[in-house]
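Working notes for the structure below.
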Amino acid sequence: MRSKMKQTILLLWISFIGFAQELPTEKTDNHLLIEGTNIFMIPPVSYVSSNNFKGFQNPNDQTSMIMILEIPGPYLEVSKGFNSEMLKTRGMELKTKKEIKVADFDGLLIELDQAANGMVFSKQILIYGDEKSSTLINGVYLKDSLALGEKIKKSVLSTIVDAQLKSNPREALDYSLDENVGSLQFISVIGNGMLFNRDLKTPTESIDKASLITDKSFAQVAIENQKIFCISRLKNYPENYSVITSKGINEIEIDHLKGFALFAKNNENTEEEMYQVILFDTDGGYYIFVGTYLAESEKAVQDLSAIIKTFSRKN
């Protein structure tokens with residue numbers, strides 16, 4: 001009985017050590033700056049800076065990565081979504097959650113499992129932020145890859161945030177837009193995309209409610225029926241949209257990339273319409289532009305279309 005008690009105390013002691021985990025405060029020669037951020041990390045061996053997202057990936061392993069995601073939302077609100085009940089609704093199982101300091105920011109270190117595409121992935125997530133924005137550092141790997149999991153966790157825990165370093169989040173993207181032609185303002189970079197609206201408020205309070213979200217697919221996968229893909233892409237949004245057939249689904253070409261443009265109505269909010277453009281990369285994958293606005297706001301449509309037409313790849 002005493003032996004079991006000692007084992008229980010030992011396990012509890014080990015778990016409390018986990019809560020005392022601290023991040024380093026000084027950079028080493030092995031720390032690398034993630035372009036477009038003020039974050040330095042030591043990547044696992046064989047991992048390199050990604051051309052598809054902010055973070056690191058192994059060119060020979062498409063099932064693992066360390067990806068940075070910035071969210072234009074206060075940390076207290078964003079972090080509330082990382083609880084067992086909320087994660088379960090998204091198909092994720094929370095394993096551990098620990099409070100941690102990231103530089104001068106409050107943060108959480110989270111471990112969870114998620115099934116996707118017939119595989120089970122584990123994630124080591126470091127989330128931190130303030131009243132203006134939040135940052136997620138997401139380390140992903142196959143659950144059965146225990147040794148790799150330890151390496152990715154070690155890399156995540158090597159994070160150093162240099163608050164004195166001024167970063168340009170748009171410089172890491174491989175494309176640019178000129179929002180000025182449509183009287184919108186840049187708000188933030190989210191993953192491979194950008195968010196724009198007229199008043200810098202989220203959600204926008206402008207008269208026509210014009211907003212534009214852009215993104216680039218992470219995977220470079222060839223899409224056979226591109227037109228059908230553009231239509232079916234409407235099913236991926238949080239609300240229910242359907243094509244406005246009277247406005248057609250039109251071929252479009254910008255910066256030598258071809259694709260399709262369509263208009264859609266919000267079936268849950270009849271006051272809102274959407275203008276969606278998807279351009280397909282010749283090497284696989286695609287760029288997507290989603291503009292939303294109050295129905296019948298022609299000026300909003302003109303502005304959103306003008307901005308999208310300024311799309312230009314940097315390389």
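Start at 1 with the first residue, then count along the sequence.
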Side-chain ion pair, [X] and [Y], N-O less than 4.0 Å:
{"X": "Glu77", "Y": "Lys80", "result": "yes"}
{"X": "Lys247", "Y": "Glu273", "result": "yes"}
{"X": "Asp208", "Y": "Lys299", "result": "no"}

Salt bridge (Lys or Arg N to Asp or Glu O under 4.0 Å) between Glu271 and Lys209, worked out = CA-CA 10 Å; Glu271 294 184 345; Lys209 300 292 191 294; over 6 Å; no
Any donor-acceptor pair under 3.5 Å from Ser305 side chain to Gln302 backbone | no
Donor-acceptor under 3.5 Å (Thr214 side chain, Met194 main chain) | yes
Output field: ring centroids Phe56/Tyr47 closer than 6.0 Å = no
Any chance the rings of Phe311 and Phe289 have centres within less than 6.0 Å?
-> yes
Can a donor-acceptor pair be found between the side chains of [X] and [Y] at a distance below 3.5 Å?
{"X": "Asn58", "Y": "Tyr141", "answer": "no"}
{"X": "Asp199", "Y": "Thr204", "answer": "yes"}
{"X": "Asn267", "Y": "Ser242", "answer": "yes"}

Heavy-atom distance under 4.5 Å between the side chains of Lys314 and Tyr175, does that happen here?
-> no
Show your working on side chain to side chain contact (heavy atoms under 4.5 Å, CB included) between Leu87 and Phe82 and close with a plain yes or no.
-> CA-CA 6 Å; Leu87 291 171; Phe82 288 86; 4.2 Å; yes
